Amino acid sequence: MGGRIRRVVVHRRDVVRDRSNRREGRLFTGHLGRSHVVDSVDRRGKQLVVEFSNGGGMVVRLGMSGRITLGDGSKRNPATAHQHLAWMIEPSRPSQSPIRMSFIDPRRFGGVYLFSSIEDCRERLLAGLGPEATSIQGIHLGERLGRTRRAVKAALLDQSVLAGVGNIYADEALHRAGVHPERSGRSISLVEAKRLAAAIRLTLKRAIQVGGSTLRDHVLPDGSPGGFVGEHEVYGRGGEPCLSCGRQLEVIQIASRSSTFCPTCQG
DNA sequence: CTTGCGTCCTGCTCGC
DNA sequence: TGCGAGCAGGACGCAA
């Protein structure tokens, strides 16, 4: 904290979203052009929230292929493919060396969203986000799932129900909890909701520990792959045997997303 | 209100 | 060996 953002370079304007969430990078340099002191860096669900000392800030969404890389700010480094933004962090203490940060996103599903005040951020960018998946309690999950008839898998992917779970970890958590992904949200009992909440917390905790799942794009800021893929029990294993019972894992579509599950363990 | 589906985008895999 | 089609997915907008 207290570091200063300097030398913002916008390589692709449409990765930056303006006040109306449109792809509009012109305002970016105007907004960030003068150096800003970083007051805080936080996470809400899948978004990174960076607040500046002037009250404004930015929300970074990585989408599915986005990442932020860290580099030595005292060295020159050429822009790599799909590097849409780059900036320097000048530390508050002169003894520390500057850090170069880049936003890289091949598919451009992610982006950087600017906000002018923390109220603006809450209302426009964080409004409607459900509780944090990393700390979700069974009673709260059950109460939220009970409001919908949708498939429980679809509900888990809905960030307004629960913030922070995507397709991979929804499948993994449902399998770990022994819940069929097509079950209606309101059919989930309190006992099952508690089991599911614990499975979500555990799955995310473990995935974060080992650096996430590298399938196609995701790598850690230093370029190394995440270690969770080797621990996937169902995702990406359709047709292969269930690690618990040996039954062939099935793949179906729910909410236009692939869902892999074990018909026996998740009956 | 609720729910589902099309859209965006590129890299990888598969089949011929 | 080469090439094109198909697929994957997070969030949003729109339609039924």
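Every chain is numbered from 1, with letters handed out A, B, ... down the list of sequences. Scope of the values below: all heavy atoms of this structure, side chains included, with no hydrogens, waters or symmetry mates. None of these values were measured; they are calculated from a predicted model.
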> Between B/dC9 atom P and A/Leu62 atom CG, what is the distance in whole Å?
Replying inline: 18 Å
>> Distance check needed: C/dC7 C1' versus A/Gln253 CD, whole Å only.
In response: 10 Å
> Between B/dC8 atom P and A/Arg61 atom CZ, what is the distance in whole Å?
Replying inline: 19 Å
> More 5' along DNA chain B: A/Ala81 or A/Arg150, using each one's nearest nucleotide?
Replying inline: A/Arg150
>> Can a side-chain donor-acceptor contact be found between A/Asp39 and A/Ser53 if the only test is distance below 3.5 angstrom?
In response: no
> With no angle test and no hydrogens, is the base of C/dG10 tied to the side chain of A/Arg257 by a donor-acceptor pair under 3.5 Å?
Replying inline: yes
>> Measuring from the side chain of A/Thr148 (C-beta onward, heavy atoms only), which nucleotide among B/dC8, B/dG11, B/dT3 has the closest atom?
In response: B/dT3
>> Quiz question: by atom type and distance under 3.5 Å, do the side chains of A/Arg247 and A/Thr264 form a donor-acceptor pair?
In response: yes
> Given B/dT3, B/dC9, B/dC5, which nucleotide is nearest the side-chain atoms of A/Ser256?
Replying inline: B/dC5
> Counting only Watson-Crick or G-U wobble pairs whose two distances fall under 3.5 Å, which nucleotide matches C/dT1?
Replying inline: none
>> Is there a salt bridge (Lys or Arg N to Asp or Glu O under 4.0 Å) between A/Arg183 and A/Glu192? Walk through the geometry before answering.
In response: CA-CA 11 Å; A/Arg183 289 270 304 281; A/Glu192 288 173 316; 2.8 Å; yes
>> Would you say that A/Gln253 contacts A/Ser259 through its side chain, given a criterion of any heavy-atom pair below 4.5 Å between the two side chains?
In response: no
>> For C/dA8, does the base pair up with any side-chain atom of A/Arg107 as donor and acceptor (N or O, under 3.5 Å, distance only)?
In response: yes
> Without hydrogens or angle criteria, can the side chains of A/Asp158 and A/Ser160 be said to hold a donor-acceptor pair below 3.5 Å?
Replying inline: yes
> Between C/dA8 atom P and A/Met64 atom CE, what is the distance in whole Å?
Replying inline: 11 Å
> What's the closest nucleotide to the A/Tyr235 side chain, out of B/dT3, C/dA8, B/dT10?
Replying inline: C/dA8
> Could you state the NE2-P distance from A/His82 to B/dC9, rounded to the nearest angstrom?
Replying inline: 13 Å
>> If I take atom CG in residue A/Asp158 and atom C1' in nucleotide B/dT2, what distance separates them, rounded to the nearest angstrom?
In response: 11 Å
> For A/Ile252 and C/dC7, what is the distance between atoms CD1 and C1' respectively, to the nearest whole Å?
Replying inline: 18 Å
> What integer distance in Å separates A/Leu156:CG from C/dG10:P?
Replying inline: 13 Å
>> Check this one for me: any side-chain N or O of A/Gln159 less than 4.0 Å away from OP1 or OP2 of C/dG10?
In response: no
